[in-house]
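Worksheet for the structure shown next.
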Amino acid sequence: MRAWYLISYDIRDEKRLRKVAKKLEGYGTRMQYSLFRCQLSPRGLERLKWELAQITEKEDSLLVISLCQSCTGKLRMQNPKTDWPDENQAFTIL
């Protein structure tokens, strides 16, 4: 089952910073400069953490916050660009 995660980072090197941001863009949606939201399965989360570990160094920091379904319903944002759907859609109708 997929869950929502907030992922924040502080990367000391600009080259690694761009790589981390690009990697996270493939997994989720940018909420702010160094904050992403991702809806991931447990396996997907482990894969993402492994991929980020290949990029980051000891002086970098990464924060992954798991959000339960009840928590996502209580989130309030000013000027929200997108909402937090209950489930990730399996397909998109074009």
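All values reported here derive from a predicted model rather than from experimental measurement. Note that these values count all heavy atoms, side chains included, but never hydrogens, waters or copies made by symmetry.
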**Request:** Would you give the length of the straight line joining atom CD1 of I55 to atom CH2 of W50, rounded to the nearest 0.5 angstrom?
**Result:** 10.0 Å

**Prompt:** So do R18 and I11 actually touch side chain to side chain, heavy atoms under 4.5 Å?
**Reply:** no

**Message:** How long is the straight-line distance from CZ of R47 back to OG of S41, given to the nearest 0.5 Å?
**Reply:** 10.0 Å

**Request:** Check whether any side-chain heavy atom of Y5 lies under 4.5 Å from a side-chain heavy atom of L45, and answer yes or no.
**Result:** yes

**Asked** Counting only heavy atoms not in Q32, do more than 12 sit closer than 6.0 Å to its CD atom?
**Response** no

**Asked** Are the side chain of R16 and the backbone of T56 linked by a donor-acceptor contact shorter than 3.5 Å?
**Response** no

**E25/R30 ion pair, N-O < 4.0 Å** = yes

**Request:** For residues G28 and C38, report the shortest heavy-atom separation together with the two atoms involved.
**Result:** CA-SG, 3.8 Å

**Asked** Would a 4.5 Å heavy-atom cut-off, applied to side chains only, mark V64 and L48 as touching?
**Response** no

**Asked** So, are K49 and E46 salt-bridged, with charged N and O less than 4.0 Å apart?
**Response** yes

**Asked** Is there a side-chain contact between L62 and L52 (heavy atoms, below 4.5 Å)?
**Response** yes

**Request:** Using a 4.5 Å cut-off on heavy atoms from C-beta on, say whether the side chain of D10 contacts that of S34.
**Result:** no

**Message:** Can a side-chain donor-acceptor contact be found between Y27 and E51 if the only test is distance below 3.5 angstrom?
**Reply:** yes

**Prompt:** Roughly how far, to the nearest 0.5 Å, is the CD1 atom of I7 from the CG atom of L63?
**Reply:** 9.5 Å

**pair D13-E57: side-chain heavy atoms closer than 4.5 Å** = no

**Asked** Can you check whether T29's main-chain N or O pairs, donor with acceptor, with R37's side chain at less than 3.5 Å?
**Response** no

**Request:** For the residue pair Y9 and F36, establish whether any side-chain heavy-atom pair is separated by less than 4.5 Å.
**Result:** yes

**Asked** How about E14: does its CD atom have over 12 heavy atoms from other parts shown lying under 6.0 Å from it?
**Response** no

